[in-house]
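Structure, as structure tokens:
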Amino acid sequence: WSILRVLGREQWVARRAEEYVEIAVRLAGDLAGLAEERRTLRERMRGSALTDVGAFARDIEGAYRGLWREWCE
């Protein structure tokens with residue numbers, strides 16, 4: 001869910017197995033939509049927080065620092 005949310009594709013998230021099948025069938029039947037996804041997905045990924053390694057490193061360093069401080073207390 002979190003990756004799809006970052007990419008703006010929350011509508012692809014299924015909460016049940018039946019819903020997963022419904023979503024897959026709907027997406028597979030939309031050839032123009034699939035072509036658009038293929039054409040734009042790499043650029044969306046590049047522009048997303050998913051590929052911001054600097055921010056990821058800062059966030060995880062902050063988390064480690066917080067855990068260390070908590071442990072030291």
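What you see below is based on every heavy atom in this structure, not just the backbone, and it leaves out hydrogens, waters and symmetry mates. It should be emphasised that the depicted structure is a prediction, and the values quoted were computed from it without experimental measurement.
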Provide the full list of ring pair (Phe, Tyr, Trp, His ring centres under 6.0 Å) pairs with a residue in residues 32-73, sequence neighbours left out, each pair given once. Trp68-Trp71
Sequence neighbours excluded, which residues qualify as salt bridge (Lys or Arg N to Asp or Glu O under 4.0 Å) partners of Glu73? none
Salt bridge (charged side-chain N to carboxylate O under 4.0 Å, His left out) pairs touching residues 13-23, sequence neighbours excluded, are Arg16-Glu18, Arg16-Glu19
Donor-acceptor contacts under 3.5 Å from residues 31-38 side chains, at least two apart:
residue: Glu36; atom: OE1; partner: Arg39; partner atom: NE; Å: 3.2
residue: Glu36; atom: OE1; partner: Arg39; partner atom: NH2; Å: 3.2
residue: Glu36; atom: OE2; partner: Arg39; partner atom: NH2; Å: 2.8
residue: Glu37; atom: OE1; partner: Arg9; partner atom: NE; Å: 3.4
residue: Glu37; atom: OE1; partner: Arg44; partner atom: NH2; Å: 2.5
residue: Glu37; atom: OE2; partner: Arg9; partner atom: NE; Å: 3.0
residue: Glu37; atom: OE2; partner: Arg9; partner atom: NH2; Å: 3.1

Could you list all the salt bridge (charged side-chain N to carboxylate O under 4.0 Å, His left out) pairs where at least one residue sits in residues 56-72, not counting sequence neighbours? none
Quick one: side chains of residues 45-52, donor-acceptor pairs under 3.5 Å with protein atoms, not counting sequence neighbours, listed by atom name and distance.
residue: Arg46; atom: NH1; partner: Glu43; partner atom: OE1; Å: 3.0
residue: Ser48; atom: OG; partner: Met45; partner atom: O; Å: 2.9
residue: Ser48; atom: OG; partner: Leu50; partner atom: N; Å: 3.1
residue: Thr51; atom: OG1; partner: Met45; partner atom: O; Å: 3.1
residue: Thr51; atom: OG1; partner: Arg46; partner atom: O; Å: 3.0
residue: Thr51; atom: OG1; partner: Ser48; partner atom: O; Å: 3.3
residue: Asp52; atom: OD1; partner: Gly54; partner atom: N; Å: 3.4
residue: Asp52; atom: OD1; partner: Ala55; partner atom: N; Å: 3.1

Apart from Ile23 itself, what residues make up its hydrophobic cluster when side-chain heavy atoms of I, L, V, M, F, W and Y under 4.5 Å apart count as a link, directly or indirectly? Trp1, Leu4, Trp12, Val13, Leu27
